[in-house]
Structure formats: structure tokens, C-alpha cells
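Report on the structure given below.
In what follows, residues are counted from 1 in the order of the sequence shown. Basis for what follows: all heavy atoms, side chains included, without hydrogens, waters or symmetry-related copies.
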Amino acid sequence: MTADHQTLALVLFSAFVAVTLGITTWVSRHRHGSAEEFYAGGRLFSPMENGFAIAGDYMSAASFLGISGLIALFGYDGLLYSVGFLVAWLVVLFLVAELVRNCGRFTLADVVAARMNERPVRIAAGTSSVAVSVLYLVAQMVGAGTLVALLLGGEGEAAQTWTVIGVGALMVVYVSLGGMRATTWIQIVKAVLLMGGAIALTVLVLVRFHGDFDQLLRTAAERSGHGDAFLAPGLRYGGDWTARFDFISLGLALVLGTAGLPHILSRFYTVPTARAARRSVVWSIGLIGGFYLMTIVLGFGAAAIVGPEAVRGSNAAGNTAVPLLALDLGGGADSTGGTVLFAIVAAIAFATILAVVAGITLASSASVAHDLYASLRRRRSKPRSEVAVARTAAVGIGVVAIGLGLLAKDLNVAFLVGLAFAVAASANLPVLLYSLFWRGFTTRGAVWSVYGGLIPSVVLVLLSPVVSGSADSLFPALDFQYFPLQNPGIVSIPLGFLAGWFGTVTSAEPPDAAKHAETEVRSLTGAGAV
């Protein structure tokens, strides 16, 4: 990068940080200190506002940079990620979103605890939610350190270290001072910036090829060096059966795990009614669907204009494909247009990371305070004391994330994202679906379902090739690889469902038919919902 790139990117980063800190300060002066205000923003957001915030929470830097990079490098097989993330959102939309909004209050554990013995269920669900959130958070922190340090021209250890610390400090400030209201407005600003940037780049790519998408694909295939194979399945996942099962496992984790991510589902508690939740989903699905369609154009555009070799030369994983595409579309490295467009894309990526980590931190601190702390106390805590615990938890989670991010800053963090989704799909989704739809589900079944998915998913990743046994592992000098797949979802997700079933059928506790009926009516009609 030139000095102009670095200076302009830094100015735009600083402008976004100033705006978001201004929002947080303004919100902190108008908050009431109640649990509803901190966890759900007072449930005062309109469907349009919440729709933009949901989209902002869902469209991460992995989508903006990662998917486009994979398409630029692997063509059709990279495009499967766009399809997977969009299908995952449809699972959330049609299967759990409205039901969770009607049954819960602040966290995922509220839904499960509604018809069970609260204490063990809240501890299990809270533990799982915190585990998912922290793993997802560490991946974002490490990604922020690597990406922002690279965009600012500092690839050394000091630049990465201070970036991780800075992002961690900002997310603690956002959450502890502003709560859900500040986090929501940050996500809205981020969604507007991300959609605006994606639309501008997509239009520029299509203008370059005179609106002829077929010519774009043909050019991308020619420059890829693989010819027509670039536009057909198998370039990345067409190897042996292990590779194919690995892809199936990853797909299951992505599609099913999204429905169990705490920071996504908590967004449905910020609107006043179930009708408002449905309308906000309509807004978000339009934004999310349009965005993932644009990532396809950006990915093939990077392959056709920049070229896979240039993308791979800049970053082996392809994460710099979109910034390099912006540089070329703006006129090249030595042009003013290229400098400005490159810096804008860098700022949007930074805004994306900050918004996502703020949402994850809020969800994990809510689980600590509302589920774990309130359950472990002999007396139920008062709302104000619970909020104080949540703010303290945000600081503690921020410190842990910074520490783990610094330890992992030189490692491949793809396994952290996959593990977060696998844990969510293995531990959170089975207990959620059983609680909503199985009349005979019991407390033992709920607890066993959570731990029966959580423990195997973590253990299998530790025994997989991402940790040891190969040159690309986290610890290449060691070899305790006994599980051949990189993602455990294909094994741990069925285990989560099986453990919940087995715990229920072996339980001496009779299911509470009255509570199930109440939950069923509330989930389907919204009657009695908070």
C-alpha cells in the first residue's frame, strides 16, 4: 500500500469510530438502566430499523471479504458459500425466528426454560451460548488484527497486537455503555455502509463488462487457468470421499448453526410485537438476499479483472480480493479513484468487524448475567444488579477475547468460525427445536441435549486435522489427529439430537403437558408474549 492509501484508510476508520462512539455516548445519556433497555433496547425499534440491524448482524466480514475471495479462487465451489449462508437464513426465518420471539424474553435459554426446571437448563444453555459467542468473537478479533493491520500497511506483530486490543476496547465501550440500543444503531450504520459499498462495486463490475454477465463468467474462467472447470463443481471439494464428507459437514454446520447463534436470535427481542418481528424479517431477507447475490458478482469480477494469481499472491485465502478489485475499478494503484475506493472498502470492512463483535459481546454478556449469574444465585437478582453484572461480563469477555486473539493472531482461525457454527448447531439447535415442538421433552433431555452436542463438537475439533497432523495444522509438529474431518458437524449435530432424545426417554420426570400447551400457544399466536 502507498502512503495515500494508508492515510485515507486511517481517516475513514477514525471517522467511523468517532460516529459510533458518538452514538454510544448519546444513548448512554438517555438509557434507564433496566434489563429490558440493556438487553433489548426497550423493544422500541421499528421493523425497518430492526431489519437493517439484523442484516448488519448477519452480513459479516467473512461474507464481504471471505466469500468473494473464495469465488475468485475456486469459482463455483466458492459460490456454494453464498448459497449456504442464504439458505441458513431461510432456516432461521421459517423455523425458529417468530417462535423464539414469542416464547423468549432476552436470551435463547428463556425459550427452553419456559417449560423446564429453570436452573439446570439455564446453566447448560447459558454455557453453550457463551462458548459459541466467545469462539465466534475470537475469530472476529483475530481477523480484525490481520485484516486491519494489512490494510494500514503494518504486517508486523505490533500492528496486529494493537489492532486486536483496540477492537476489543471499542466493543467493551459500545456494549457496557450503550447496551442493545447503541449496538443496534451501530449495526444499522454498518448495514447501510456495507450495502452501499457492495452496490457501488457491483455496478462498476457490470459496467466494465457492459452489463453482460455471461462475458464476465467467460473472462473469469479464462483468467482462472482452469477453463470451464472454474464454472463447474469440484475445483475445491471434488477430491476423495473425505473431502466430500467434510463439505457436507461444513454445510450442515453453516445451515443449521445459524439458527442457534445467540447474537442473531437476540435481535428478534428488540421489536414490540411478533407482527413487528415478521415485518423486520421481510426487510432483512431483502437486504441479505440482495447482498449475497452481489457477492457472486464481486467474486467473479475479482477473478476476471484482478485474476486469481494476483489475489492469491496478496493473500493465500483470498481475503483481499474485494479491496484489490476496488483498487482496479477505481483506476489502479497510482490513481486518486483507486486510492479512494480502496480506502472506502477498507473502512467498510472495519465497520463490519466492529458491528459484529459488538453484537456478539452483548449476546454473551446477556447469557452470563441473565442465565448463569441469575441461576447460580440462591435468590433471583434484581434487574438493575443483573444489568451491572452484564456490563462487568462485557469487560471480562472483552479481556478474554483480546487475550485469546493475541495468542491466536499468527494462526489460521478458520477452524474457530467452523467450530462456533458446529457448536451452535450441535448444542443450541436440538434443544431449541425439541423445546418448541416435542410435547414429551423433559429437563434431563434438555440438559443432555446441550452437553451431548457441546462436548463432542469441541473434542472432535481438537482431534481433527485443523489442530495437528498436517502442515496446515495449528500445531504441525504434533500429531494427535484421530478424526479425519475438519468440521465435526456431520457427527456432533446428530449426537446432540440423539442425546436429547435419550435423556428424555430415560428420565423419570413426567413431561409437563400444561406448560407445553402454554408454550405452543404462545409460540404460534404470540398470546402472552413479553
Take Val311 and Leu73, measure what side chain to side chain contact (heavy atoms under 4.5 Å, CB included) needs, and give me the verdict at the end. CA-CA 8 Å; Val311 172; Leu73 297 181; 4.0 Å; yes

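- Two residues are said to be in side-chain contact when any heavy atoms from C-beta on lie closer than 4.5 Å; Val17 and Leu21 meet this criterion.
- Contact record, Gly398 with Val172: CA-CG2, 3.8 Å, taken as the closest heavy-atom pair.
- Residues Ile54 and Phe268 have side chains in contact (heavy-atom distance under 4.5 Å, counting atoms from C-beta outward).
- Within the 3.5 Å criterion, the main-chain N or O of Leu99 finds no donor-acceptor partner in the side chain of Asn102.
- Nearest heavy atom pair, residue Val175 against residue Ser365, reads CG1-OG, 4.1 Å.
- At least one donor-acceptor pair closer than 3.5 Å links the side chain of Asn428 to the backbone N or O of Gly260.
- Residues Gln187 and Glu49 form no side-chain contact, since every pair of their non-hydrogen atoms from C-beta on lies 4.5 Å or further apart.
- The two atoms that bring Leu298 and Ser68 nearest to each other are CB-OG, 3.9 Å, heavy atoms only.
- Annotation: side chain of Thr184 is not in contact with side chain of Phe52 (no heavy-atom distance under 4.5 Å).
- Residues Val357 and Leu170 fail the side-chain proximity criterion, which asks for heavy atoms closer than 4.5 Å.
- Side chain of Lys190 to backbone of Met59: a donor-acceptor contact under 3.5 angstrom is found.
- Two residues are said to be in side-chain contact when any heavy atoms from C-beta on lie closer than 4.5 Å; Tyr269 and Val100 meet this criterion.
- In terms of heavy-atom proximity, Val132 sits nearest to Pro262 at CG1-CD, 4.0 Å.
- In terms of heavy-atom proximity, Ala310 sits nearest to Leu324 at O-CD1, 4.0 Å.
- With Thr295 contributing its side chain and Tyr292 its backbone, the two residues share a donor-acceptor pair below 3.5 Å.
- Once rounded to the nearest 0.5 Å, the distance linking CG of Asn50 with CE of Met48 reads 11.5 Å.
- Rounding to the nearest 0.5 angstrom, the gap separating the CD1 atom in Ile288 from the CG atom in Leu293 is 12.0 Å.
- A donor-acceptor pair under 3.5 Å is absent between the side-chain atoms of Ser426 and the main chain of Val423, judged by distance alone.
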May I have the step-by-step check of side chain to side chain contact (heavy atoms under 4.5 Å, CB included) for Phe213 and Val297, ending in yes or no? CA-CA 8 Å; Phe213 191 68; Val297 177; 4.0 Å; yes

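- How far CD1 of Ile360 is from CG of Leu137: 5.5 Å, rounded to the nearest 0.5 Å.
- Between Tyr136 and Phe421, the angle of the ring planes lies from 30° to 60°, which puts this pair in the tilted group.
- For Ala427 against Leu454, the heavy-atom pair with the smallest separation is CB-N, 3.8 Å.
- With rounding to the nearest 0.5 angstrom, the CD1 atom of Ile264 is 8.0 Å from the OG atom of Ser266.
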Please determine whether side chain to side chain contact (heavy atoms under 4.5 Å, CB included) holds for the pair Leu362 and His263, giving the CA-CA distance in whole Å, both sets of side-chain angles, and the decisive distance to 0.1 Å. CA-CA 8 Å; Leu362 180 62; His263 69 287; over 6 Å; no

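- For the atom pair CG (Asp57) and CZ (Arg267), the distance works out to 6.0 Å, reported to the nearest 0.5 Å.
- Side-chain atoms of Ser284 come within 3.5 Å of backbone atoms of Val281 as a donor-acceptor pair (strictly under, hydrogens ignored).
- In this structure, the side chains of Trp185 and Val19 stay at 4.5 Å or more apart for every pair of heavy atoms.
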Under the side chain to side chain contact (heavy atoms under 4.5 Å, CB included) criterion, do Leu429 and Leu433 qualify, and how do the steps go? CA-CA 6 Å; Leu429 186 63; Leu433 295 181; 3.9 Å; yes

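- Side-chain N or O atoms of Ser367 include one that pairs as donor or acceptor with a backbone N or O of Ala363 at under 3.5 Å.
- For the pair Val87 and Leu254, the minimum side-chain heavy-atom distance is 4.5 Å or more.
- For CZ of Arg279, the number of neighbouring non-hydrogen atoms (other residues, nucleotides, ligands) closer than 6.0 Å is 12 at most.
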